Amino acid sequence: MTEYGLDIHCTMLLEDYRDLIPKYRLLQQVVMEKLGELVKKSGIELNSMESRIKTEKSLAGKLQRKGSKYHSIYNITDIIGARIITFYNEDVDRIASMAETLFDIDWSNSIDKRKMHQYDSFGYNSLHYICKLPKTLYYNEKFPELNDIPFELQMRTALQHVWSAIQHDIGYKNDIEIPIEYHRNLSRLAGMLELADNEFSRIRTDISDYRRRIESLVKDGKLEEIPLDGDTFRSYMDMQPFDKLNKQIAAITQAELLPATPMSYLHLLREMGMNTLGDIERLIKENSDDAYQLALFQLGATDIDILSSNIGIQNICIVYILKNDGGKLGLRWMFDIINGASEHNNDMAQIILEQASKLSFMNKQ
């Protein structure tokens, strides 16, 4: 009796599989490296990218079921399998397009299950390519067989993958007979997930369009029309609105400006009543001179040679708070927001209040 209960033909295929294991491993490595390089270059964010070589036991089971249809070990297309899981539907298509540029695709054996439109097929809606490694991409004289070994590349979204895993876990198959209420429940859930998949893509597109509109308004100087939020603030900061003031302050001691993210000031600005980018533009225009005078008083007698690039926005906010009678409590509140609550903030507020009290803008109040 042959091993695994296989006939002579299938046993010989299994022997061929054993002989090819080192080549399968090398091919798996090459395929994942080439895919990884291209995906990284594209900037697509993936949920995961994985691969496997079918185990001997799994292959034996396949041969038991339908070994007679395979004339050669090279006819078995899924011994090596790679899977790329994206977050969005359109990225599946992008990955597929990249795979087409990398590999030779066996279109007769590849299948786009997304186009089958079965009523409960969401979990199976992946794109499957049967591929080979072209010699122009990789060739090894010691292992020329690598270019003849087919491999399967599956591409699907994260929601499709989760749904497929759940179906597998509960033992559901499309072709088994189960009570109609289970079919209905699964079909309803599949529809909801498919809708969610499509909605995630639509929302991402809408957000991208919104960002492009905002960037255009910023470039055109239509700041009054732009609400203040994380995206608009980033776009505005790309214009370096505090750069002139920062350089003026740095010139006091010939200091170097150390780059720092201004995002911690976004919450502060909104709490100060800034609702649009136009509000920030006015804030800068109305308070820059006094912010510079404050910096001059703070730094004039020092030899500080490194300053944060947030020095401009910080001093403008200090001046605004003091002009609006915020006093020491207002300054403490400001530092708690941008630095996190700390007793040290109370000391800083006291020092700055004492410094600012001698300046002209405070004596005009």
Side-chain angles (χ1 to χ4, degrees), residues 10 13-14 16-39 44 46-86 89 91-116 118 121-135 137-138 143 145-158 160-165 167-168 173-175:
C10 292
L13 291 177
L14 201 60
D16 291 338
Y17 161 85
R18 291 167 178 160
D19 292 340
L20 285 169
I21 284 291
K23 287 136 187 161
Y24 289 146
R25 289 174 180 157
L26 178 57
L27 179 58
Q28 178 188 28
Q29 178 184 340
V30 172
V31 166
M32 296 304 285
E33 285 179 357
K34 297 299 183 183
L35 278 171
E37 290 169 3
L38 203 55
V39 169
I44 297 175
L46 300 181
N47 177 266
S48 65
M49 186 168 73
E50 57 196 24
S51 64
R52 63 99 184 100
I53 296 173
K54 190 181 285 292
T55 65
E56 181 175 312
K57 183 178 179 181
S58 176
L59 178 59
K62 187 182 187 80
L63 293 174
Q64 285 173 344
R65 295 189 302 274
K66 45 188 177 182
S68 60
K69 66 178 284 189
Y70 302 118
H71 302 295
S72 160
I73 192 68
Y74 296 109
N75 296 140
I76 305 176
T77 59
D78 63 347
I79 292 178
I80 298 176
R83 179 182 291 142
I84 297 180
I85 300 172
T86 71
N89 275 316
D91 287 341
V92 171
D93 293 323
R94 290 182 65 190
I95 296 293
S97 178
M98 286 188 279
E100 291 166 18
T101 65
L102 276 180
F103 308 125
D104 292 331
I105 311 298
D106 178 359
W107 294 109
S108 62
N109 286 309
S110 300
I111 184 169
D112 188 349
K113 295 188 176 183
R114 302 171 302 173
K115 298 178 180 179
M116 297 175 70
Q118 291 173 286
S121 65
F122 176 74
Y124 299 94
N125 281 355
S126 52
L127 178 59
H128 293 201
Y129 278 178
I130 303 302
C131 314
K132 286 184 181 178
L133 195 64
K135 292 181 181 179
L137 182 65
Y138 181 88
F143 305 109
E145 304 96 326
L146 260 61
N147 304 105
D148 297 319
I149 299 173
F151 60 92
E152 182 179 59
L153 175 61
Q154 295 183 6
M155 296 153 282
R156 58 169 58 142
T157 67
Q160 289 166 356
H161 182 63
V162 168
W163 181 240
S164 179
Q167 286 180 309
H168 183 271
K173 299 289 184 182
N174 269 352
D175 57 354

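Predicted model only: the values in this text are computed from it and were never measured.
One distance of note links OH of Y17 with CG of L59; it measures 6.5 Å at 0.5 Å rounding. Here the straight-line distance linking atom CD of E100 with atom CG of L102 works out to 10.5 Å at 0.5 Å rounding. The CG atom of L46 sits 8.0 Å away from the CG atom of D91 when rounded to the nearest 0.5 Å. For the atom pair CD1 (I53) and OG (S58), the distance works out to 12.5 Å, reported to the nearest 0.5 Å. To the nearest 0.5 Å, atoms CD (Q29) and CG (L146) are separated by 10.5 Å. In this structure, CG in N147 is found 8.5 Å from CG in L27, a value given to the nearest 0.5 Å.
In this structure, the side chain of S110 engages the main chain of D106 through a donor-acceptor pair within 3.5 Å.
Of all the heavy atoms in C10 and G67, the pair that sits closest is SG-CA, 3.6 Å. A pairwise comparison of heavy atoms in S51 and Q28 identifies OG-NE2, 2.9 Å as the closest pair. I130 approaches P150 most closely through the heavy-atom pair CG2-CB, 4.2 Å. Across I149 and K23, no two heavy atoms sit closer than the pair CD1-CB, 4.2 Å.
Between R52 and R83 there is no side-chain heavy-atom pair separated by less than 4.5 Å. Looking at L153 and L35, their side chains come closer than 4.5 Å, going by heavy atoms from C-beta outward. Annotation: side chain of Q160 is in contact with side chain of N89 (closest heavy-atom distance under 4.5 Å). Residues Y129 and M155 are in side-chain contact: their nearest non-hydrogen atoms beyond the backbone lie under 4.5 Å apart. Side-chain contact between F103 and V31: present, with at least one pair of heavy atoms (C-beta onward) separated by less than 4.5 Å.
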Please table the atom pairs, donor to acceptor, closer than 3.5 Å between any side-chain atom in residues 71-79 and protein atoms at least two apart or in another chain.
residue, atom, partner, partner atom, Å
S72, OG, Y74, N, 3.1
N75, OD1, H71, N, 3.0
N75, OD1, S72, N, 2.8
D78, OD2, K62, NZ, 3.3

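Here V30 pairs with L26, K34, L133, Y138 under the side-chain contact (heavy atoms from CB on, under 4.5 Å) rule; sequence neighbours left out.
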Please step through side-chain contact (heavy atoms from CB on, under 4.5 Å) for the pair T86 and R94, ending with a clear verdict.
CA-CA 10 Å; T86 71; R94 290 182 65 190; over 6 Å; no
When you look at Y70 and L63, which way does the side-chain contact (heavy atoms from CB on, under 4.5 Å) test go after all the steps?
CA-CA 9 Å; Y70 302 118; L63 293 174; 4.2 Å; yes
